[in-house]
There are 4 protein chains.
Amino acid sequence: MWFSIDFHSHTPVYKQIKNKIKEKILNNELKKEMFIPSIRVLAKELGVNLNTVARAYRELENENVIKSIRGSGYIVIGINEKDFINNKIEEFKKAVVSCKSANIKKEDLFEIIEDLFGGE
Amino acid sequence: MWFSIDFHSHTPVYKQIKNKIKEKILNNELKKEMFIPSIRVLAKELGVNLNTVARAYRELENENVIKSIRGSGYIVIGINEKDFINNKIEEFKKAVVSCKSANIKKEDLFEIIEDLFGGE
Amino acid sequence: MWFSIDFHSHTPVYKQIKNKIKEKILNNELKKEMFIPSIRVLAKELGVNLNTVARAYRELENENVIKSIRGSGYIVIGINEKDFINNKIEEFKKAVVSCKSANIKKEDLFEIIEDLFGGE
Amino acid sequence: MWFSIDFHSHTPVYKQIKNKIKEKILNNELKKEMFIPSIRVLAKELGVNLNTVARAYRELENENVIKSIRGSGYIVIGINEKDFINNKIEEFKKAVVSCKSANIKKEDLFEIIEDLFGGE
DNA sequence: GTGGTCTAGACCACA
DNA sequence: GTGGTCTAGACCACA
């Protein structure tokens, strides 16, 4: 399975799909010019409706991240790394602020990061 | 203003309300036995519907965080600090993992935390 | 304490009050011509608002169960035993039907009744 | 009609709905994995607002009795039979005590039960 | 004024 | 069509 959807998350499924694909591009799992899975294939794999994947792809196309090739599928164009990373950073900041207002100490957060980045 | 709602967030308004109140209890802004704003008052202050606040309060009551006093309002009971903090930690972990898969370096995350906890 | 109120019941408080008084009349705890507690006294005793007791008494007066004596209080007139008992029976039937649809056996119900009427 | 609501009861409609569904599960009218009527369908059938059914279903989900399947509906998980039956028994006891304090004889209660369980 | 429940109706995400 | 959330507004019981 390529990646999975958190159906209990408040983040809409189509946004989760967009996000995962952007991550894969950033990580070079998906390189420029590569084909991504067809709408039907991905929908089946994720257990999700066609329209949901279609919407994700449509928006990714509008953002110039992927491009549809008539009759063949979608290929990767590339992403605006800065924007994408800035979004992640913003989300991260929210999480930090939220922890701070719950009186969690920064040392604890440091430790968690070390753990998750572990072995590096 | 007691706190504010992010109407663009995917997190439902009633959940944001539940969260903010739990934070205030954790931070001792709201102490045991204290009255919290009435449903109507908070709804007006937040620019939110009465039912939305009512739902938040009802769920907080089911979780034994607050208690309704007939005809008077709601008073604070207390929160399960561990559960609440664990939830925050889980959210934080997700944000970290998400940053990691976007190739953000842990040093950058450390810096952000230092900034946000700044002056301490 | 004369009797008590179940504040978590869905039955309105004023109806609980009416009921309890009728029961006491039926059981001869309250006999004809006797004074019942004043509105203020009962309200205080039950931890309930004046208006609530007042409403109960007002309705009991309309049903000719009690009668207000100017400046003195309320005295018992009597109750229509049949109506009152029929109401109880109806409630009991509902409880039985409800148990039946939960697959509880009649023998269990018999046993519970024996227990509650115990020592007789 | 699947079941009906007593609009004159003091028991809130959403609680009546929760109860009826639990009963149906207990009686195997609703078996595990089966779909229950959609919120909209049940609301229409009962002549009740959508939100009322939604609340009942939401609470049943929190109690792990049913589970929502994205875009498809709700399926039955199961109920804690003991808790449910104990609740019924408690209600029954209240009804018995209430009859007792109205001087109704236990023999009368026995007869009523026999009648209602009749033909068995 | 305070909580509790309900309605009618709307809009979103998803199938 | 299905669930999820929210609004505006109403009425009840209670203080």
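Quick note: numbers below take in every heavy atom, side chains included, and nothing from hydrogens, waters or symmetry partners. Proteins get letters first, then strands, A, B, ... in listed order; numbering begins at 1 in each.
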> What would the secondary structure line of DNA chain F be in dot-bracket form, counting Watson-Crick and G-U wobble pairs under 3.5 Å, with [ ] for pairs that cross earlier ones and | for pairs with another strand?
Replying inline: ||||||||||||||.
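- With rounding to whole Å, C/His8 atom NE2 is found 19 Å from F/dA13 atom P.
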Kindly give the atom pairs (protein nitrogen or oxygen, nucleotide nitrogen or oxygen) under 3.5 Å for nucleotides 7-10 of chain F.
from, atom 1, to, atom 2, distance (Å)
F/dT7, OP2, B/Asn49, N, 2.7
F/dT7, OP2, B/Thr52, OG1, 2.7
F/dA8, N7, B/Asn49, ND2, 2.7
F/dA8, N6, B/Asn51, ND2, 2.6
F/dG9, O6, B/Asn51, ND2, 3.2

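- Atoms NE2 (D/His10) and C1' (E/dC6) sit 16 Å apart, rounded to a whole Å.
- Remark: A/Glu91 engages B/Ser98 in a side-chain contact (heavy atoms from CB on, under 4.5 Å) (not counting sequence neighbours).
- Listed by chain and residue number, nothing satisfies the side chain to side chain donor-acceptor pair (under 3.5 Å) test with A/Lys94 (two or more places apart in sequence, or in another chain).
- Shown here are the side chain to side chain donor-acceptor pair (under 3.5 Å) partners of B/Glu90, two or more places apart in sequence or in another chain: there are none.
- If you measure from atom CD of D/Glu45 to atom P of F/dT2, you get 13 Å, rounded to the nearest angstrom.
- The separation between B/Phe35 atom CZ and E/dG1 atom C1' is 13 Å, rounded to whole Å.
- For C/Glu23, the salt bridge (charged side-chain N to carboxylate O under 4.0 Å, His left out) partners are C/Lys88, not counting sequence neighbours.
- Of the two residues contacting DNA chain F, namely C/Thr11 and D/Tyr57, the nearest-nucleotide position lying further toward the 5' end is that of D/Tyr57.
- Across all strands shown, A/Tyr14 has heavy atoms under 4.0 Å from sugar-phosphate atoms exclusively, and none from any base.
- Contact between B/Leu46 and B/Phe7 at its shortest, heavy atoms only, is O-CZ, 3.8 Å.
- F/dC6 atom P lies 12 Å from atom CG of B/Leu46, rounded to whole Å.
- Put simply, CD1 on D/Ile5 is 14 Å from C1' on E/dT5, counting in whole angstrom units.
- Distance, A/Glu59 CD to E/dC14 P: 11 Å, rounded to whole Å.
- Between the CG atom of C/Leu42 and the C1' atom of F/dC14 there is a distance of 15 Å, given to the nearest Å.
- Residue whose closest nucleotide on DNA chain F sits further toward the 5' end, between C/Arg55 and B/Arg55: B/Arg55.
- Put simply, CG on A/Asn87 and NZ on A/Lys22 are 7.0 Å apart, with the number rounded to the nearest 0.5 Å.
- Of the two residues near DNA chain E, B/Arg58 and A/Lys15, the one whose nearest nucleotide lies more 5' is B/Arg58.
- To the nearest 0.5 Å, atom CD1 of residue B/Ile17 and atom CG of residue B/Leu42 are 5.5 Å apart.
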Sequence neighbours excluded and cut-off under 3.5 Å, please list the side-chain donor-acceptor pairs for residues 69-86 of chain A, or say none.
from, atom 1, to, atom 2, distance (Å)
A/Asn80, OD1, A/Lys82, N, 3.2
A/Asn80, OD1, A/Asp83, N, 3.2
A/Asn80, ND2, A/Asp83, OD2, 3.4
A/Asn86, ND2, A/Lys82, O, 3.4

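- Residues from residues 65-80 of chain D that place a heavy atom under 4.0 Å from any atom of DNA chain E, listed by number: D/Arg70, D/Gly71.
- Listed by chain and residue number, D/Asp6 satisfy the side-chain contact (heavy atoms from CB on, under 4.5 Å) test with D/His8 (two or more places apart in sequence, or in another chain).
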Determine all donor-acceptor pairs shorter than 3.5 Å in which one atom belongs to a side chain in residues 31-39 of chain D; sequence neighbours excluded.
from, atom 1, to, atom 2, distance (Å)
D/Lys31, NZ, D/Asn28, O, 2.8
D/Ser38, OG, D/Val41, N, 3.1

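- Considering only residues two or more places apart in sequence or on other chains, A/Tyr14 meets the ring pair (Phe, Tyr, Trp, His ring centres under 6.0 Å) condition with none of them.
- Applying the salt bridge (charged side-chain N to carboxylate O under 4.0 Å, His left out) rule to D/Arg55 yields the partners D/Glu59; only residues at least two apart in sequence or on another chain are considered.
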